[in-house]
Amino acid sequence: MVGAAIQRRLTWQVAQVSAHVRDTPRCWRISLDVELGAWLPGQHIDVRLTASDGYQAQRSYSIASAPEERTLDLVVERLDDGEVSPYLTDELRAGDAIELRGPIGGYFVWQAGLGGPVQLIAGGSGVAPFLAMLEHHQAAGSDARLSLLYSARAEDDIIARERLDEHAQRAGVEIDITLTREAPDGWKGRIGRVDAAMLAEAVIPASEQPQVFVCGPTAFVEGVAEALVAQGHAPAVVKTERFGG
Amino acid sequence: MVISRGFLGRRRDGDRGGRLPPGQYDVGDRFPVLSAGPTPHTPLERWDFTVEIGRQPAARWSWDEFQALPHEEISVDIHCVTKWSKFDTRWSGVSLDALIEAVSAPMAAFVVGFSDGGYTTNLPLADATGGKAWIVDRYDGGPLDPEHGGPARLLVPHLYFWKSAKWVRGLRLLDHDEPGFWETLGYHNRGDPWLEQRYSGD
């Protein structure tokens, strides 16, 4: 049982920012050195910020790196009206300390032992937990079929573009990116929003019984999950994670 | 504790007279949606609500029968474990006291709410009765949207909102505790937001 491994007290830990890199116009990748123990790809952590007067704010972020990697990485999208994300993207820098606890969540997870096929469907920064799954798939030498359908606004908004291109070269991995707002000349990927027709074409069919993970904004996740069920995927194999909360 | 250099935070006045539990923020007019899987759509003519004793059905209401039960208007603050809180949410529903009193279960000490899609959540009877929990079928004056748990959901506002199971179809009265979906996946068994009982061990 996946859940059994995490039935222990989650204490706040101090993490050091080892790298702080702007990945796209709106998203930053923050790499943290922290002794958290092994996490499962798909799990998240809570970040806690403390102001000098003691005021605190907490938010959850998916872990974007595999447990086999050296750092625990987050993909943080800057929400202009947010309380925490502008601090993480604009103020935080390499060498700073930050508090976090986790790993949290035992449902929206995939590890090599669960096998395949696996269909991942991401909207925007919802790709973060899938980056962890892809890295783990490689590090573990998994032969499970892993297919990612990833919706981004424009080419500049594709998170971890270079790594995704590298993953796409690996046996058993498919990376399918669709751009919803603008596509450059010569773009070889898909164009347009993820809808029922695109899902029918791009997703591992229900007859092959994939485990399906959907992560993104609420409207994206609702629409995708609904269409998948209509296309014959059993509701119980479609796992969802939403942000915007 | 690590002070986050340059972090001010903007909601220090936002606890609204002590109504914001520790670690939460006021989400304002938005109503975020969280669920672990696809939204089920059970037609009302196939919907029913069952109270079980152990695994045995002891009372059952069709949608129309449920509508005819006395409803209460509830205005409460709700608190999601993912950190948002929403003040003054308005619901209408049937008190769990009324539903549980419809059966005779002197052994009952715990309640499991079970939902379409297989979701479950557990409550001690003391958290489910005494005017603290409802099965609600209306939100803000209208029918409850499917993505917010319609046609009907549990409402247990004094605990984190995962206890307020969406798409609820029944209650199971038990003489022992049976941790539900999130409660077996690392989340706290009771989930009191004022004690910040988010995760197992908190």
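Quick note on labels: first sequence line is chain A, next is B, and so on, each numbered from 1.
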Scored by heavy-atom pairs under 4.5 Å with chain B, the best of A:Asp96, A:Leu92, A:Val221 is A:Asp96
Taking the side chain as everything from C-beta on, heavy atoms only, tell me whether B:Glu196 gets closer than 4.5 Å to A:Gln58. yes
- request: Evaluate the side-chain proximity of A:Ile104 to B:Tyr187: yes if any heavy-atom separation is below 4.5 Å, no if none is.
  value: yes
If you define the side chain from C-beta out and look only at heavy atoms, does anything of A:Trp12 sit under 4.5 Å from B:Met1? no
Most contact-rich option vs chain B, by heavy-atom pairs under 4.5 angstrom, among A:Glu241, A:Arg101, A:Lys239, is A:Arg101
CD of A:Gln209: more than 12 outside heavy atoms within 6.0 angstrom? no
Practice problem: For the residue pair B:Ser35 and A:Arg242, confirm or rule out a side-chain donor-acceptor distance under 3.5 Å. | Solution: yes
Looking only at A:Leu228, A:Val214, A:Asp46, the option with the highest number of non-hydrogen pairs under 4.5 Å against chain B is A:Asp46
What one should report as the nearest heavy-atom pair of B:Pro38 and A:Thr240 is N-CG2, 4.3 Å
Max heavy-atom pairs within cutoff under 4.5 Å with chain B, candidates A:His44, A:Glu99, A:Glu91, goes to A:Glu99
ask   = So is A:Arg9 actually on top of B:Tyr199's ring, under 6.0 Å and inside 45° of the axis?
value = no
Turns out that what part of B:Phe31 lies under 4.5 Å from chain A's heavy atoms comes down to neither
Tell me whether B:Glu45 at atom CD has more than 12 heavy atoms from other residues, nucleotides or ligands lying less than 6.0 Å away.
yes
Heavy-atom closest pair (A:Glu83 atom, B:Gly9 atom, distance to 0.1 Å) is OE2-CA, 3.5 Å
Cut-off 4.5 Å, heavy atoms of chain B, and the answer for A:Val238 is both
TODO: Tell me yes or no: between the side chains of B:Thr39 and A:Glu222, is some donor less than 3.5 Å from an acceptor?
DONE: yes
Taking A:Tyr87 for its side chain and B:Arg5 for its backbone only, find out whether a donor-acceptor pair lies under 3.5 Å.
yes
One should read off an interatomic distance between A:Tyr107 OH and B:Trp182 CH2, to the nearest 0.5 angstrom, of 7.5 Å
(Q) In terms of relative ring orientation, are A:Tyr55 and B:Phe7 parallel, tilted or perpendicular, with 30° and 60° separating the classes? (A) parallel
Counting heavy-atom pairs under 4.5 angstrom with chain B, the leader among A:Thr50, A:Val237, A:Leu49 is A:Thr50
Under 4.5 Å to a heavy atom of chain B? For A:Ala236 that would be neither
Output for pair (A:Thr218 OG1, B:Leu34 CG), nearest 0.5 Å, gives 6.5 Å
